[in-house]
Amino acid sequence: MNKLTILVIEDDVSVRNLITTTLKAHDYRYLTAKNGETAILEASSHNPDIILMDLGLPDLDGIEVIKKIRTWSHVPIIVISARSEDADKIDALDEGADDYLTKPFSVEELLARLRVTQRRLLMMQNEKHMQCSVFENGSLTIDYAAGCVYLNNKELHLTPIEYKLLCLLSQNVGKVLTHTFIMQNIWGSSWDNDIASLRVFMATLRKKIEKKSNSPQYIQTHIGVGYRMLKVEDEI
Ligand code: CA
């Protein structure tokens, strides 16, 4: 019972067929576009719930397509890129894409990304309704108004940078944030050597919130790309 509409932007017929067959089998509705121009048109006229897009398109640069769509829409965008387009993938995330899949990908990977994005959509809708100042994710609670963080109802003592990092990740839960994006938001700059300090702060933050440092529950590392806060399923 998904019934979300996905816009699939992909010029490669076999990849497009793999995606649409998967979507159909899992009860998603979809639209397709073979190039950037059509993609922009479809996105503006049909208002899809999620966009899955290849970066290497025959007419326009995928990044340009993202920039255009971002001028009027917050629709979640999952980028599909070949390994050779790794730098483009990071640019795409910086321009507002939410997540990525690297070719070749499995059907399971595709479905997992869609589920993450769907959860993110749901949270975005809830936030719109409640404008809540308290963020809850598993055992983690952030009271933005009070500037307090709780884990299992116990207050955590975070440094100002750790707190800023955690807020940034939580406000973008489900979304991959690039190193550049995080550094610009935390320090207002993004020098290459800041990545090292970002890693240090992330490590100390994780020590405080993660039960097991080798299998983090909240903050996922994307090697060479950045970090993402995962939505933790409620433990029953
Ligand atoms: Ca392509």
Side-chain angles (χ1 to χ4, degrees), residues 2-121 124 172 174-182 220-228:
N2 287 305
K3 289 296 172 207
L4 286 182
T5 303
I6 322 280
L7 171 59
V8 181
I9 310 171
E10 171 65 80
D11 59 316
D12 184 321
V13 188
S14 55
V15 180
R16 198 170 61 233
N17 286 345
L18 170 71
I19 296 174
T20 54
T21 310
T22 307
L23 294 179
K24 206 191 276 175
H26 289 83
D27 216 12
Y28 288 101
R29 278 191 285 232
Y30 62 85
L31 302 156
T32 58
K34 296 174 192 145
N35 57 53
E37 289 288 355
T38 322
I40 292 168
L41 208 69
E42 292 285 323
S44 64
S45 49
H46 295 282
N47 230 351
D49 298 298
I50 298 173
I51 294 179
L52 267 172
M53 69 170 290
D54 178 26
L55 282 181
L57 296 170
D59 56 344
L60 297 175
D61 183 351
I63 311 277
E64 293 306 316
V65 176
I66 296 173
K67 275 191 197 165
K68 276 255 168 65
I69 293 173
R70 278 288 173 263
T71 59
W72 82 84
S73 168
H74 291 295
V75 56
I77 299 176
I78 304 172
V79 157
I80 304 167
S81 69
R83 290 242 176 262
S84 58
E85 297 162 342
D86 260 5
D88 296 344
K89 167 177 86 190
I90 293 174
D91 286 346
L93 291 165
D94 279 335
E95 288 302 335
D98 294 69
D99 202 351
Y100 62 90
L101 269 170
T102 304
K103 284 182 190 173
F105 55 85
S106 68
V107 163
E108 284 70 32
E109 264 183 285
L110 169 64
L111 291 169
R113 292 301 193 285
L114 286 173
R115 281 195 299 273
V116 166
T117 309
Q118 235 171 312
R119 259 178 247 141
R120 178 168 157 70
L121 265 177
M124 277 160 63
N172 293 280
K175 184 173 158 121
V176 178
L177 304 182
T178 61
H179 295 131
T180 308
F181 178 88
I182 297 174
Q220 194 180 49
T221 301
H222 288 249
I223 294 164
V225 179
Y227 300 92
R228 154 164 51 200

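In listed order, ligands and their atoms are each counted from 1. All residue numbers refer to positions in the sequence shown, counting from 1.
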From K89 atom NZ to L101 atom CG, the distance as rounded to the nearest 0.5 Å: 10.0 Å

Enclosure of K34 NZ (heavy-atom neighbours >12, cutoff 6.0 Å): no

Distance (rounded to the nearest 0.5 Å) between I19 CD1 and F105 CZ: 4.0 Å

3.0 Å cut-off met by an N, O or S atom of D12 to the Ca ion (ligand 1): no

Carboxylate-amine/guanidinium proximity below 4.0 Å for R29 and D49: no

Whether D11 has an N, O or S atom under 3.0 Å from the Ca ion (ligand 1): yes

Minimum-distance atom from the Ca ion (ligand 1) among N, O or S atoms of D54: OD2

P58 near the Ca ion (ligand 1) via N/O/S, less than 3.0 Å: no

